[in-house]
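All remarks here apply to the structure that follows.
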Amino acid sequence: MPELPEVETTRRGLERPLRGRHVVRVIVREPRLRWRVPRTLARELAGTRIEAVERRAKYLLLRTNVGTAILHLGMSGSLRVIPATTPAAKHDHVDLVLDNGQCLRLRDPRRFGALLWTRDDPMQHALLRHLGPEPLGRGFHADHLWAATRRRRVAMRDLLLNSRIVSGIGNIYANEALFLAGVRPTRPAGRLTRTECERLVKSIRRILERAIRAGGTTLRDFSNADGLPGYFQQTLQVYGRTGELCRRCGNSIKTARLGNRSAFYCPKCQS
DNA sequence: CTTTTGACCTGACAGC
DNA sequence: TGCTGTCAGGTCAAAA
């Protein structure tokens with residue numbers, strides 16, 4: 001589910017209820033996520049004070065006075081702050097109980113998410129160390145994309161999903177940004193022109209900013225920290241619209257199978 | 001090195 | 001009402 005805009009929406013919703021709060025207790029009902037929740041996490045996190053809620057790519061970082069909890073929502077994860085007395089439903093795997101009677105609850109039916117703990121600089125953690133620039137940050141620009149695409153045969157859609165080149169973009173926004181830039185998802189990366197790289201950088205920024213403003217995209221089960229859906233799905237131009245009409249030219253939206261995942265495009269608007 | 005494939009999971013949905 | 005097959009927002013590790 002969650003790509004950068006959904007994770008950022010979650011982060012913004014968590015900041016107020018979490019910052020400055022103490023974690024009094026940690027309940028791990030199901031430790032088997034993408035990686036096993038460390039046995040030490042409950043003990044180390046209990047008693048800490050949450051100083052900041054940050055995001056890097058699709059990771060959420062809960063910075064405490066002692067260390068940092070690294071969270072990933074995988075495909076189906078969501079986080080909510082609710083009264084600690086709320087009965088846990090199926091797939092509610094972890095609670096961080098706070099000092100005000102509330103708790104941060106992690107739900108993740110598919111268990112592709114992660115909850116890890118480090119006392120060191122989280123940016124040096126093995127999962128974060130090799131991440132490419134933030135697409136909304138200064139490190140992401142046309143020069144970077146140009147250099148990263150040279151001599152590469154991968155389809156442009158797949159290059160945008162490569163978190164070492166640019167982080168935080170998933171299948172929805174890769175497809176949407178490529179539509180906006182007029183580039184087919186199947187186009188070999190090395191065949192992009194300099195101008196197209198410039199257009200694509202702008203398109204990626206625009207799409208992500210719009211999606212954040214809309215509170216993210218809810219296709220089936222994304223909800224923000226207040227349990228509410230996003231509404232960017234109403235704005236989608238190509239993703240999931242196979243057979244429907246292009247909002248720009250009226251042509252029929254097509255699907256391409258790239259690897260195991262669908263790519264969507266308008267054959268007239270994108271080349 | 002680059003690129004592809006399989007793996008990890010549950011749930012929703014279509015079709016029989 | 002089953003049952004089976006397909007698909008889903010991620011991404012790592014291993015194979016080619």
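Quick caveat, the model's predicted, so the values are computed rather than measured. A note on names: the letters A, B, ... follow the listed sequences, proteins ahead of strands, and every chain is numbered from 1.
- Spacing between atom CZ of A:R261 and atom P of C:dC7 amounts to 13 Å, rounded to whole angstrom units.
- Going from atom CG of A:L131 over to atom P of C:dT11 covers 9 Å, rounded to whole Å.
- We find that CG of A:L161 is positioned 14 Å from C1' of C:dC12, with the value rounded to whole Å.
- Residue side chain A:R110 reaches the base of B:dC9 through a donor-acceptor N/O pair under 3.5 Å, judged by distance alone.
- Taking atom NE2 on A:H91 and atom C1' on B:dA12, their separation rounds to 12 Å, with Å as the unit.
- For the pair A:Y239 and A:R34, both in contact range of DNA chain C, the more 5′-proximal nearest nucleotide belongs to A:Y239.
- Between A:D108 and A:S76, the side chains place a donor N or O and an acceptor N or O closer than 3.5 Å (distance only, hydrogens not considered).
- A donor-acceptor contact closer than 3.5 angstrom is absent between the side chains of A:Y265 and A:T186.
- The interatomic distance linking A:R111 (CZ) with C:dG10 (C1') rounds to 16 Å, in whole Å.
- For the P atoms, the distance from C:dT6 to B:dG6 is 14 Å, rounded to whole Å.
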Return all side-chain donor-acceptor pairs below 3.5 angstrom for residues 162-172 of chain A, not counting sequence neighbours, or 'none' if the list is empty.
from   : atom 1 : to     : atom 2 : distance (Å)
A:N162 : OD1    : A:R164 : N      : 2.9
A:S167 : OG     : A:R56  : NH1    : 3.2
A:S167 : OG     : A:G132 : O      : 3.2
A:S167 : OG     : A:P133 : O      : 3.2
A:N171 : OD1    : A:R157 : NH1    : 2.9
A:N171 : OD1    : A:N175 : ND2    : 3.0
A:N171 : ND2    : A:S262 : O      : 3.0

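- The residues A:D158 and A:R261 are annotated as not salt-bridged, no charged nitrogen and carboxylate oxygen being separated by less than 4.0 angstrom.
- Residue contacts shown for A:R107 are absent, as no nucleic acid heavy atom lies under 4.0 Å away.
- Phosphate proximity of C:dC12 to A:H72: absent, as no side-chain N or O sits under 4.0 Å from OP1 or OP2.
- With values rounded to the nearest 0.5 angstrom, A:I27 atom CD1 is found 9.5 Å from A:L96 atom CG.
- Contact annotation for A:Y59: backbone-only contact, meaning every heavy-atom pair under 4.0 Å involves sugar-phosphate atoms and none involves a base.
- At B:dC9, none of the side-chain N or O atoms of A:S76 fall inside 4.0 Å of OP1 or OP2 (strictly under the cut-off).
- The stacking criteria are not both satisfied for A:F112 over the base of C:dT11, which would need a centre-to-centre distance under 5.5 angstrom and an angle between ring planes under 30 degrees.
- Across B:dC9 and C:dC3, the matching P atoms stand 23 Å from one another, rounded to whole Å.
- Using the six-membered ring where Trp is involved, A:F232 and A:Y173 have ring planes that are tilted, between 30° and 60° apart.
- Placement of A:V37 and A:L104 within a single hydrophobic cluster is found when ILVMFWY residues are connected by side-chain heavy-atom separations under 4.5 Å, directly or transitively.
- Distance A:F222 CZ to B:dT10 C1': 19 Å, rounded to the nearest Å.
- In terms of phosphate contacts, A:K90 brings no side-chain nitrogen or oxygen within less than 4.0 Å of OP1 or OP2 of B:dT10.
- Residues A:R152 and A:N260 each lie close to DNA chain B; by heavy-atom proximity, the contact nearer the 5' end of the strand is made by A:R152.
- Across the protein-nucleic acid pair, A:W35 atom CH2 and C:dA13 atom P stand 7 Å apart, rounded to whole Å.
- Distance A:L159 CG to B:dT3 P: 9 Å, rounded to the nearest Å.
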(request) Determine which bases of DNA chain B form Watson-Crick or G-U wobble pairs with both distances under 3.5 Å, and write the result as a 5' to 3' dot-bracket string with | for other-strand partners. (result) .|||||||.|||||||
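- A:Y173 comes within 4.0 angstrom of no nucleic acid atom, judged by non-hydrogen atoms across all strands.
- Under a 4.0 Å N-O distance rule, the pair A:E196/A:R187 qualifies as a salt bridge.
- Toward the 5′ end of DNA chain B lies the nearest nucleotide of A:G259, the other residue of the pair A:G259 and A:P109 mapping further downstream.
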